[in-house]
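The next block holds one structure in the form of structure tokens; read it before the comments.
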Number of protein chains: 2
Amino acid sequence: MDAMLQDRLVPHMECGGCPIRHRAVCARCDSEELETLEKLKYYRRFEAGQTVIWSGDRMDFVASVISGIATLTQTLEDGRRQMVGLLLPSDFVGRPGRAIATYDVTATTDLVMCCFRRKPFEEMLIKTPHVAQRLLEMTLDELDAAREWMLLLGRKTAREKIASLLAIVARRDASLNLRETAGKASVELPLTREEMADYLGLTLETVSRQISALKRDGVIRLHGKRLIEIPDYRRLLEEAGDDSDGGIPA
Amino acid sequence: MDAMLQDRLVPHMECGGCPIRHRAVCARCDSEELETLEKLKYYRRFEAGQTVIWSGDRMDFVASVISGIATLTQTLEDGRRQMVGLLLPSDFVGRPGRAIATYDVTATTDLVMCCFRRKPFEEMLIKTPHVAQRLLEMTLDELDAAREWMLLLGRKTAREKIASLLAIVARRDASLNLRETAGKASVELPLTREEMADYLGLTLETVSRQISALKRDGVIRLHGKRLIEIPDYRRLLEEAGDDSDGGIPA
DNA sequence: GCAGCCCATTGATCTGCGTCAAGGCAGGCC
DNA sequence: GGCCTGCCTTGACGCAGATCAATGGGCTGC
């Protein structure tokens, strides 16, 4: 689209920010396909707080997150909300073959997405198998993440839930190389207490209390409300009840 | 494999029971591919109660469930368990591209699976794009189901959880045409109270109490321990807190 | 400066579900 | 028959986290 917008994109991937484009095209290069994709895509910006898509809406595009953070939520009639996805840069949004959105998608920070018109994207999927392959891998990863969350929601205590959330965001942050505070991990928490509560199946009061408790016990340090420093990542993982060592080096 | 075994297969799909074979080959027919798949596959039987695969095991096949029911579970170090998948006939097991299992797979009834050696299956995926497409669709469906479960685990009450489980199993049953008790829906519950508890993030005592309560209130009727009759499916859905009308006709 | 807003914190109390414990029932084996 | 074992039910009690409520702190706009 316009050059001004493109300039603002965080270049978190070698290939211009879009993982579909990146993986589909650059990794197994073919200029003809690149051409196709370039015609397909356009960037869209959303402001923090804006609900991008309402559940039940018609949805004529699929997209991948370029920068910013969005959430996927489901709501019961009486208003109980559960977040079912946290979309960080490089995550995929939408579902090929489905015209109606099944979740609310909300921007929690300013958000840029790289969108593909759904119909032509689906046709491209059929024509270029390795894009479908890549999408399959991404979906399988998401499924694993969802199952990890099911364990968290069903069996972990409030304290473990908070620690798990921090650990996961820290891990994702690190793997995107967004933040390396000289050895010490720290997380810019992109969520309000209420959003964290919606993610964890808790109330915002409990979230606040448990964060205070973790702080009191020296597991984390707070700088302001959102920036959380993790002096000892292993300690955090223990608190999370996770045995997997998660993949942050030091 | 042997004819005796094949004879026992529930023919729940037009094409011999295996959804991969069915959808990959018969739906968009091509005798050469059929040939390939026939060479790839073999059937395996497991007894009820047997853990088929342990998390961490090497896993050199992927499979689809032909008959019987299996569960996917995750366990924390201290023994807390959470079921993260319920595998009914036609469901897919395993993950292309991954050699190590991440969940325990347990047969809760006698189980027959149609297995494909992983490596050749992966190669076949690359060569026959529409199988990958089909697998993508199935994975996306599973992801939706997982997210539905996240809502259940995070926000529903014990009573709603039980009602939801019954509704979902009834729906799946109906869509497989396994059971039509003359207008009235009824569910052969394939799980012990403890397994239900593991699925729902509850204890077995709470499951038992809530089933008793639903029975007392006339929402369900029990015939023995496992066969559950649902006199009014809509009523059950209301109890489940679900607004979606689920797709069982009457 | 002050008002108004949003978000976070903390306290007091309540409650749904977990925990512990005591049977009950059906099937298999001696 | 009698015993055992696996599964389920029911009761009594306690606690983690929900609910209700008050306060504080930072930001924006006047």
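In what follows, every heavy atom counts, from backbone to side chain, and hydrogens, waters and symmetry copies are set aside.
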Gap between atoms [atom1] and [atom2], on [X] and [N] respectively (whole Å):
| X | N | atom1 | atom2 | value |
| --- | --- | --- | --- | --- |
| L200(A) | dA16(D) | CG | C1' | 15 Å |
| L214(B) | dT10(D) | CG | P | 13 Å |
| I162(A) | dA16(D) | CD1 | P | 16 Å |
| D198(A) | dA18(D) | CG | C1' | 14 Å |
| M196(A) | dC7(C) | CE | C1' | 13 Å |
| L222(A) | dG26(D) | CG | P | 14 Å |
| L202(B) | dG16(C) | CG | C1' | 11 Å |
| H223(A) | dG26(D) | NE2 | P | 16 Å |

For the backbone of Q210(B) and the side chain of R159(B), can you confirm whether one donor and one acceptor N or O come within less than 3.5 Å of each other? no

If we ignore hydrogens and angles and just use 3.5 Å, is the side chain of D91(A) paired with the main-chain N or O of L88(A) as donor and acceptor? yes

Does atom CD of E194(B) have more than 12 heavy-atom neighbours from other groups under 6.0 Å away? no

Given dA12(C), dC7(C), dC17(C), which nucleotide is nearest the side-chain atoms of T192(A)? dC7(C)

Side chain of S212(B): nearest nucleotide among dA18(D), dT10(D), dT9(C)? dT10(D)

For L204(A), report the nucleic acid contact type (base, sugar-phosphate, nothing); a contact means any heavy atom under 4.0 Å. base

Carboxylate-amine/guanidinium contact R81(A) E195(A), below 4.0 Å: no

Report yes if at least one side-chain N or O of [X] is closer than 4.0 Å to OP1 or OP2 of [N]; otherwise report no.
| X | N | value |
| --- | --- | --- |
| T157(B) | dG16(C) | no |
| R226(B) | dC8(D) | yes |
| S208(A) | dT9(C) | yes |

Between T71(A) and V105(A), is there a side-chain heavy-atom distance shorter than 4.5 Å? no

Assuming nearest nucleotide by heavy-atom distance, tell me which of G201(A) and K225(A) is located more 5' along DNA chain D. G201(A)

Of R159(A) and T206(B), the one whose closest DNA chain D nucleotide lies more 5': T206(B)

Do R209(B) side-chain and dT19(C) base share a donor-acceptor contact under 3.5 Å? yes

Is it the case that dC20(C) (base atoms only) and E205(B) (side chain only) share a donor and an acceptor within less than 3.5 Å, ignoring hydrogens and angles? yes

